[in-house]
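The figures here come from the full heavy-atom set of this structure, side chains too, leaving out hydrogens, waters and symmetry mates. Reminder, nothing fancy here: chain letters follow the sequence lines and each chain counts from 1.
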2 protein chains.
Amino acid sequence: MTSPSSARIHAQQLSLMLVTDSLACGERSLPEVVAAAVAGGVTCVQLREKLASGYVFLDKARALRQLLKPLGIPLIINDRIDIALAAQADGVHVGQTDMPVADARRILPPTMLLGWSVETPAQVEAANDLDVDYLGVSPVFATPTKTDTAPPWGLEGLSRARRLTVKPLVAIGGISTDNIGALRSAGADGCAVVRAICSAPDPQIAATKLRRAFDQGVI
Amino acid sequence: MTSPSSARIHAQQLSLMLVTDSLACGERSLPEVVAAAVAGGVTCVQLREKLASGYVFLDKARALRQLLKPLGIPLIINDRIDIALAAQADGVHVGQTDMPVADARRILPPTMLLGWSVETPAQVEAANDLDVDYLGVSPVFATPTKTDTAPPWGLEGLSRARRLTVKPLVAIGGISTDNIGALRSAGADGCAVVRAICSAPDPQIAATKLRRAFDQGVI
């Protein structure tokens with residue numbers, strides 16, 4: 001069973017994924033930060049709310065869907081498939097401590113996309129037999145956002161993952177304008193950032209710089 | 001839109017609901033405590049895991065489903081509709097901070113039951129227009145299990161709720177063998193307990209006593 005990935009999302013739409021962190025937005029509202037990030041060049045948004053109640057999570061998901069749908073920007077929900085279903089999001093992203101991907105795929109409608117965080121080469125290989133639409137190579141660098149992560153892949157690890165699969169790869173963890181170009185050159189179809197945008201003084205400028213650096217690769 | 005409740009669960013199956021608390025089980029495994037509770041007279045089980053990852057939650061849900069299915073005991077999942085779907089549980093219970101019931105009902109298959117915690121008479125009346133299968137009258141008494149609760153309903157509040165709806169009512173909060181009979185007399189179709197069973201030295205004996213006291217009502 002291989003993935004009809006192209007039907008659910010195009011690799012180009014994964015170029016620059018914003019993974020949200022409501023706390024990192026400070027006094028700015030989440031939709032405000034997301035709107036600025038999209039104006040700057042973010043190509044898809046993953047709503048991550050590890051602490052919110054279901055009520056608040058769904059409310060935020062709906063607000064983002066309303067914002068992003070007219071712009072054609074995919075909205076992906078982290079972990080909570082039920083929230084994704086209720087908000088009619090474009091898909092779900094699950095990590096290694098979330099529901100197993102095979103189970104997630106079984107309860108998702110065929111049209112909804114599924115992303116999966118991979119922490120080891122063995123997981124990349126396993127994904128080739130799973131109906132997963134992209135892989136989050138996590139963490140590609142050491143990161144302060146998540147403290148419970150596996151050892152970083154690094155550029156060499158990312159290149160190795162690239163050789164193991166044709167599925168779209170989205171690098172995440174410790175990404176900045178300084179290293180994002182190298183990730184593209186190492187084989188990433190996209191990069192996902194949290195603080196580099198959510199904590200930036202101007203999320204639109206931050207997104208513009210990240211997107212430009214990614215699109216250029218290493219010059 | 002009224003509820004075809006009888007098609008999804010019979011009021012008698014709600015007589016004594018065990019709401020799980022893995023921590024309160026101490027060194028005993030959750031399936032061990034649940035099996036003992038069912039042997040003692042528990043009529044349905046609600047799996048509540050407020051701190052577990054999706055991976056662990058689904059694992060526990062599957063273990064309980066395997067245990068309970070052959071016994072004909074309904075398994076209800078607290079909050080996480082996606083876990084309920086993946087584990088093929090019988091239904092879901094949502095509280096006031098979880099996904100709104102109307103949204104939950106929309107993403108649930110028609111065969112799966114839906115319970116809703118109500119904290120005010122206005123919510124009981126609202127439920128009459130919702131496709132909800134039972135109401136959790138919460139908390140009926142003050143309780144140490146949850147600290148974020150609304151003011152207790154008390155016996156008079158429960159009687160008032162009874163007059164406002166024909167939907168099955170399940171009282172929860174601070175219930176013991178000493179007060180469970182009075183709850184039936186005040187109009188509860190069932191009672192839900194957490195610590196009275198999970199923390200009991202012998203969960204089977206505790207369940208037996210609770211069930212007997214509930215079935216007798218106030219003598």
Q | Note, Asp79(B) side chain near Arg80(A) side chain (heavy atom, < 4.5 Å) | A |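 Answer yes - side chains close enough.
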
Q. For Leu108(B), is it the side chain, the backbone, both, or neither that has a heavy atom closer than 4.5 Å to a heavy atom of chain A?
A.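 No part of Leu108(B) comes within 4.5 Å of chain A.
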
Q.
Please classify the contact of Ile107(B) with chain A as side chain, backbone, both or neither, using a heavy-atom distance under 4.5 Å.
A.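 For Ile107(B), the contact with chain A is made by the side chain alone.
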
**Q.** Contact listing (chain B partner; residues 55-77 of chain A; heavy atom under 4.5 Å)
**A.**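 Tyr55(A), Leu58(A), Arg62(A) fall under the 4.5 Å cut-off.
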
Q) Would you say the side-chain atoms of Ser53(B) pair up with the backbone N or O of Asp98(A), donor to acceptor, closer than 3.5 Å? A)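 The answer is no, because no donor-acceptor pair under 3.5 Å joins these two groups.
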
Q: Please list, chain by chain and in numerical order, all residues satisfying salt bridge (Lys or Arg N to Asp or Glu O under 4.0 Å) with Arg162(B), sequence neighbours excluded.
A: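 Counting only residues at least two positions away or on another chain, Arg162(B) forms a salt bridge (Lys or Arg N to Asp or Glu O under 4.0 Å) with Asp189(B).
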
(Q) Checking Arg106(B) now: which residues fulfil salt bridge (Lys or Arg N to Asp or Glu O under 4.0 Å) with it, not counting sequence neighbours? (A)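 Salt bridge (Lys or Arg N to Asp or Glu O under 4.0 Å) list for Arg106(B), sorted by chain: Asp103(B).
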
Q.
So, taking the atom named CD1 in Ile83(A) and the one named CG in Asp82(B), what distance separates them when rounded to the nearest 0.5 Å?
A.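 Ile83(A) atom CD1 to Asp82(B) atom CG measures 8.0 Å (nearest 0.5 Å).
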
Q. Under the side chain to side chain donor-acceptor pair (under 3.5 Å) test, which residues partner Gln96(B), sequence neighbours left out?
A.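 Only Gln123(B) meet the side chain to side chain donor-acceptor pair (under 3.5 Å) criterion with Gln96(B).
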
